[in-house]
Amino acid sequence: MVPGTMALSCEEVLLLMKKSLVALLAGGAMLFSALSGVGTPFVGPAYASTASTAAVAPTNASSNAPSNAPAKSQAVELDKLKAGETIKGNGQQLTPGVTYYRLTGKDWSGLPLRGHVVEIDPRKAKMELYLALGGDALGKKETLSKLASRHGAVAAINGGFFDSASGYPIGGLVYDGRLMAASDFMRTSVGVVGKTGLSFGYFDPKAELRFGVGQALAVDAVNSRNVSGGIILFTPDWGSNAGAVSGATEVVAAGDGQGGYIVKEINSGGSVIPKDGFVVSFTGEKAALAGGITTGMPVKLTIDYGANWQGLRNLITAGPLLVEQGQPVLQAELEGYRGSVLDPAPRSAIAENSAGHIMLVEVDGRQANWSAGLTLEEMSYLLVDLGARRASALDGGGSSAIWVKDKVVNRPSDGGERALANAILVLPDQVPVYLDGKRLFFDVPPLVEKGRTFVPMRRIFEALGAELKWDQENKTVTAVKGNKTISLTINKREAVIDGKVNPLDAPARVVESRTLVPLRFVGEALGAGVTWRNAPPAVIIKAN
Amino acid sequence: MYEQFKAAGLKTFVFTAILALSLSLTPMYSYAEEQLSDAIEYKYYDEVTFNHPNFSSVLSNGNLLMCKVGYRDPAVVEVTPEGQEVWRFKGIQATSAVRLANGNTLITDSGAPGKPMAPRVIEVSKAGAVVWEYRLPSLAQAPRYAQRLANGNTLITLPFQIIEVSPAKKTVWSYGWGKPVSPDTKGYLARPVQATRLASGNTVIVDRGLVGGKVFEITPAKNIVWEYGNWQYTDGTKQVKRPMAAVQLANGNTVIADPGTYNLLEVSPAGELVQTMSWRQAITGKGIMHQWHAAPLEDGRVLLTVSYTNSKSRVLEIQTIGTRPFAKEAPPSTAADSAAGSVVPDSGAVVPQLQ
């Protein structure tokens with residue numbers, strides 16, 4: 001959902017005002033009903049103390065897989081609810097330390113509210129929070145279910161704001177430690193520090209360029225055209241060509257082979273971005289700053305995320321900030337939100353509670369008979385009720401979606417899943433695998449045993465550019481890349497490479513109905529270099 | 001004879017036809033329409049769509065002092081009636097700004113979106129230097145309004161508390177719990193937006209609420225003198241929907257601006273509604289998407305800060321339509337006047353002749 005305004009006729013505006021009034025009355029009355037007659041501080045809605053809200057179920061039986069249709073017991077619970085009450089459903093353990101439960105509520109006019117929460121205890125759960133990019137590139141979009149399944153996510157929620165037309169993110173984007181976009185700074189960003197550390201706040205990375213012995217020039221935006229008059233840095237993540245801005249001077253910098261950069265050429269109008277360099281676009285009133293730059297000049301680029309974002313691995317921009325120090329924060333308007341985004345709507349949020357648990361929270365909306373949705377203020381109060389100490393909204397509206405174990409469990413308001421620019425994933429902790437500098441994900445995490453790493457066969461062969469054939473009868477996989485052919489048979493301690501038999505001490509195997517193949521063997525057989533890094537542990541593959 | 005009559009009839013017919021045609025083609029004259037177009041005075045028009053004013057006031061020099069908020073170029077700005085910017089304090093998301101007698105500006109900086117920015121109340125000189133600053137510890141305590149008092153202290157409206165701090169930053173008085181509590185708790189505040197200290201020493205608090213607001217006056221001992229509204233909005237009877245500002249008149253009545261109902265509400269010292277003055281008609285059909293702020297002006301006018309459906313913004317001065325004249329001052333009461341039942345005119349109000 002793109003924040004900001006929508007062009008509406010006056011009639012639509014008045015209709016929206018009426019709807020807002022109803023929903024606001026509803027939501028607010030919900031809050032008030034929860035509060036009335038209670039002399040204790042406003043923390044926690046009136047959770048019904050029925051058996052269905054008993055302690056977390058210890059088993060992780062797949063038969064408890066959540067379904068979209070409300071169970072009979074849930075429908076009965078809804079009837080029992082007073083206007084303005086919300087209850088937590090049975091907690092289901094997805095994996096140790098990761099619990100899923102549903103929220104059911106009723107507002108003042110009798111309209112239901114339905115939501116979902118995934119709670120992660122980082123000390124018990126061997127998990128990491130990660131970002132998934134649609135199509136693994138800026139400007140591409142993918143649904144949550146596709147993103148979550150191909151990354152092997154235990155749980156996932158939609159991510160930050162993006163331009164629905166271009167697919168490019170709005171604000172900042174850091175992926176696997178790499179700055180991929182930066183603009184629109186005075187918004188709230190959500191970052192992951194280390195594996196599960198959450199950070200909320202103002203992200204304004206300081207990127208500086210120095211041409212030759214010239215003064216340091218501050219970069220105004222990275223991989224974004226959402227700037228008026230400034231210095232824009234276009235990296236290879238943007239695409240093949242820099243975004244053309246009329247009247248701009250473009251300085252193309254390529255790697256100098258020694259870890260630095262050198263000015264290759266000076267153009268205007270969408271220069272090709274060197275794969276080992278970048279393009280600096282001097283636009284508007286800053287175009288003149290390119291005056292003293294000549295080809296051959298050395299270029300220095302430094303990027304500093306700032307004291308509040310040390311150790312940043314992943315970051316998206318969303319907002320507004322909803323909870324701070326356990327109290328509601330109402331700053332949507334200050335962060336620039338206007339129009340229909342301020343009406344009751346589906347909402348997604350990420351939060352941390354006082355126990356240090358991370359919560360992914362989604363509430364459906366715009367479906368009168370299913371879930372009416374919430375305003376951002378109501379979402380703040382709901383998160384405080386759920387025990388949040390800090391929380392930020394993520395993209396909402398038709399983008400709101402939450403994945404639990406193996407499917408999207410909410411009802412997206414568009415009627416189907418929206419293609420997203422990015423999503424936040426909960427991944428089983430695993431040894432990261434890198435292919436030519438980019439992290440490679442599998443739908444089940446790599447298995448490391450006795451110093452050997454095994455990965456799902458389909459993904460690794462595809463990533464290495466080989467074509468795959470599976471012989472079900474003989475349980476043999478054959479991969480062909482160019483004029484190279486490799487064959488592996490499940491549990492057989494030998495492999496066939498180009499017709500020759502080779503001994504294999506780490507045979508292909510089946511784990512939980514997945515065929516895993518030895519990574520080093522397969523990689524090297526297909527001409528790639530595979531090394532193990534110790535600190536921090538990682539498998540590094542160099543194919544090109 | 002018949003021929004003459006026929007000719008006359010034809011002329012009449014043609015004349016009538018022409019008259020009817022021209023009447024149907026020309027817009028009908030409407031007194032109400034004329035009244036509406038005079039009802040709005042456009043004070044400020046803003047083409048920018050990436051930020052908008054959320055708080056405005058008219059200065060004694062006739063300029064407009066506004067807080068502009070949004071993800072790009074937020075600032076506190078002063079503009080002339082012609083729209084020329086004459087002062088700017090940039091880089092903060094301000095929730096209110098008032099010009100002090102010493103020429104400095106007292107600003108509540110929300111600290112949004114977060115670290116390294118911090119919520120604070122600042123007094124800024126004309127040259128843009130921060131000459132006094134009161135910091136709040138978290139965004140959950142972002143200040144919403146500040147008033148410099150005659151005693152030199154500052155009365156600050158926080159999300160769940162009103163505090164009075166000395167120049168040395170000591171809290172000398174407070175009202176409220178500083179956190180959400182149950183509505184039937186004494187000192188409960190839902191979403192206060194403006195606390196003003198009166199000459200009497202009492203404080204008027206405007207709480208816009210979550211679904212309905214409340215405006216009330218308290219003594220220094222925190223006893224309620226009068227109240228209007230109950231933090232709900234069901235049928236509007238003695239309720240306010242989203243009050244944003246209140247001004248107490250010399251006659252003791254208070255005028256509340258409630259953009260939630262497009263009304264100025266004049267309330268007596270006993271908390272009784274004296275009259276409702278509406279601006280709904282004035283803005284209907286004008287494409288207004290948000291009324292960010294409303295403040296009562298003199299003579300039943302309201303200063304309205306709005307954004308349109310096209311994302312552009314304006315600050316408007318609107319003449320509301322009420323049921324009685326807006327009396328600025330209390331009529332000097334004498335026994336004779338009361339007996340006669342006449343209204344003693346004040347210095348400028350229109351006085352209806354009572355029958």
Side-chain angles (χ1 to χ4, degrees), chain A residues 3-10 12-14 16 21 24-29 31-32 35-43 108 171 184-189 200-202 204 226 228 306-308 319-321 323-331 333-336 338-339 342 377-378 381 384, chain B residues 49-52 54 67 69-74 91-95 110-117 137-142 144 159-160 177-185 188 190-191 209-212 231-234 241-242 260 284-290 292 307-311:
Chain A
T5 60
M6 284 169 50
L8 295 167
S9 70
C10 299
E12 288 172 91
V13 169
L14 287 169
L16 274 173
L21 165 62
L24 207 66
L25 280 172
L31 298 165
F32 274 99
L35 296 174
S36 61
V38 176
T40 52
F42 176 22
V43 173
W108 189 67
D184 295 338
F185 303 109
M186 296 196 82
R187 290 185 183 276
T188 289
S189 290
F200 300 103
Y202 174 40
D204 181 18
N226 221 11
S228 51
N308 295 315
L321 192 74
V323 179
E324 171 94 359
Q325 292 194 346
Q327 290 192 27
V329 171
L330 310 180
Q331 62 181 46
E333 180 191 323
L334 301 169
E335 291 194 34
R338 281 196 297 275
L342 299 181
E377 288 86 5
E378 289 174 284
Y381 277 86
V384 168
Chain B
T49 58
F50 47 74
N51 65 34
H52 67 265
N54 72 338
C67 298
V69 298
Y71 57 83
R72 218 188 295 169
D73 296 338
I92 59 167
Q93 306 280 20
T95 44
S110 66
K115 256 196 228 176
M117 309 161 95
S138 97
L139 291 170
Q141 289 167 276
R144 294 182 179 150
F160 301 103
W177 291 84
K179 58 181 182 182
V181 295
S182 164
D184 43 15
T185 313
Y188 170 76
R191 193 176 176 182
L210 298 169
V211 287
W231 287 299
Q232 293 189 59
Y233 194 82
T234 47
K241 198 157 156 204
R242 179 169 64 96
T284 299
K286 295 280 192 294
I288 286 173
M289 182 167 62
H290 293 295
W292 302 111
S307 284
Y308 289 77
T309 52
N310 64 5
S311 265

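This structure is a prediction, so every number in the text was calculated from the model and none was measured. Labels below follow one simple rule: chain letters A, B, ... track the order of the sequence lines, proteins then strands, and each chain is numbered from 1.
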Novice: Are any non-hydrogen side-chain atoms of A:Tyr381 and B:Leu210 less than 4.5 angstrom apart?
Specialist: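 Contact flag for A:Tyr381/B:Leu210 side chains = yes.
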Novice: Any idea which of B:Gly70, B:Ser307, B:Gly114, B:Gly91 has the most non-hydrogen atom pairs under 4.5 angstrom with chain A?
Specialist: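 Among the listed options, the one with the most contacts to chain A is B:Gly70.
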Novice: Any side-chain heavy atom of A:Phe185 sitting closer than 4.5 Å to one from B:Arg72?
Specialist: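 Not in contact.
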Novice: A:Glu324 side chain to B:Ala140 main-chain N or O, any donor-acceptor pair under 3.5 Å?
Specialist: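 Not at all, since once roles are kept as given, no pair shorter than 3.5 Å links the two residues.
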Novice: So, B:His52 versus A:Arg338: side-chain donor-acceptor pair below 3.5 Å or not?
Specialist: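 A pair is found: one side chain offers a donor N or O, the other an acceptor, under 3.5 Å apart.
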Novice: Could you tell me if the side chain of B:His290 sits less than 4.5 Å from the side chain of A:Leu342, heavy atoms only?
Specialist: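 Answer yes - side chains close enough.
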Novice: Go through it in stages, so that I can follow the logic: the residues are B:Arg191 and A:Glu377, the test is side-chain contact (heavy atoms from CB on, under 4.5 Å), and I'd like the CA-CA distance, side-chain angles, deciding distance and then a yes or no.
Specialist: CA-CA 11 Å; B:Arg191 193 176 176 182; A:Glu377 288 86 5; 3.6 Å; yes
Novice: Measuring heavy-atom distances to chain A, does B:Ala112 have an atom under 4.5 Å in its side chain, in its backbone, in both, or in neither?
Specialist: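 Both backbone and side chain.
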Novice: Between B:Met117 and A:Tyr202, is any pair of side-chain heavy atoms under 4.5 Å apart?
Specialist: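 In contact.
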Novice: Quick one: what part of A:Gln331 sits under 4.5 Å from any heavy atom of chain B, side chain, backbone, both or neither?
Specialist: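 For A:Gln331, the contact with chain B is made by the side chain alone.
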Novice: Any heavy-atom pair between the side chains of A:Pro328 and B:Pro180 that's under 4.5 Å?
Specialist: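 Touching, per the 4.5 Å side-chain cut-off.
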Novice: So for B:Arg242, is it side chain, backbone, both, or neither that comes closer than 4.5 Å to the heavy atoms of chain A?
Specialist: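 Nothing of B:Arg242, per the 4.5 Å heavy-atom cut-off to chain A.
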Novice: So for A:Glu333, is it side chain, backbone, both, or neither that comes closer than 4.5 Å to the heavy atoms of chain B?
Specialist: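 The answer is both parts of A:Glu333.
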Novice: Of the backbone (N, CA, C, O) and the side chain (C-beta and beyond), which part of A:Leu321 lies under 4.5 Å from a heavy atom of chain B, both, or neither?
Specialist: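 Interface part for A:Leu321: side chain.
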Novice: Quick one: are B:Pro113 and A:Met186 in side-chain contact, heavy atoms under 4.5 Å?
Specialist: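 Yes, close enough: below the 4.5 Å cut-off.
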